[in-house]
J.: 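Got a structure here, written out as structure tokens. Questions coming.
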Amino acid sequence: MAITNQQILEKIIAECEQALQNETKVREHARAIQTLTDLLLEHDAPISSSVKKIEDMEWQKMVGQPAPPPITKSTQKSDDEAGTSDSLLDF
């Protein structure tokens, strides 16, 4: 079941109305609106461009613990540098 642009726009309108009614939670509604507009804008974008890095605060809110440090290529040793490999094809 595909989500239509009309459905997304209706949700944006509902979030705007809720933000106007409850000024103490404006930031929460603004974040929801931002997410909905991102969804609307990325609907036709390629998958690779729609993938975003999760911010540390979002990660902590989702899983309850700090985000793991990003893995960079410079911190990982290649199989040649490490001297051993887990591959079955190494002779």
J.: Please report the interatomic distance OG1(Thr37) to CG(Leu9), rounded to the nearest 0.5 Å.
T.: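 Result: 10.0 Å between the selected atoms.
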J.: Looking at every non-hydrogen atom in both residues, tell me the closest pair between Ile33 and Cys16 and how far apart they are.
T.: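 Reported closest heavy-atom pair: CD1-SG, 3.6 Å.
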J.: Look up atom CG in Leu39 and atom CD1 in Ile8, then write down how far apart they are to the nearest 0.5 Å.
T.: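 Those atoms lie 4.0 Å apart.
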J.: Name all residues meeting the side chain to side chain contact (heavy atoms under 4.5 Å, CB included) criterion together with Glu17; count only those two or more places apart in sequence or in a different chain, and write none if there are none.
T.: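 Glu17 satisfies side chain to side chain contact (heavy atoms under 4.5 Å, CB included) with Ile13 once adjacent residues are dropped.
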J.: I need the Lys25 NZ to Glu15 CD distance, nearest 0.5 Å.
T.: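 Interatomic distance, Lys25 NZ to Glu15 CD, rounded to 0.5 Å: 11.5 Å.
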J.: Which heavy atom of Glu23 sits nearest to which heavy atom of Val26, and what is that distance?
T.: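 Here Glu23 and Val26 meet closest at O-CG2, 3.2 Å.
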J.: Does a side-chain heavy-atom distance below 4.5 Å link Gln34 with Arg31?
T.: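 With C-beta onward as the side chain, the pair touches.
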J.: The criterion is side chain to side chain donor-acceptor pair (under 3.5 Å); which residues satisfy it with Gln6, sequence neighbours excluded?
T.: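 With sequence neighbours excluded, Gln6 shows a side chain to side chain donor-acceptor pair (under 3.5 Å) to Glu10, given in chain and number order.
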J.: Which value, rounded to the nearest 0.5 Å, describes the distance between His29 atom NE2 and Thr24 atom OG1?
T.: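 If we round to the nearest 0.5 Å, His29:NE2 and Thr24:OG1 are 8.0 Å apart.
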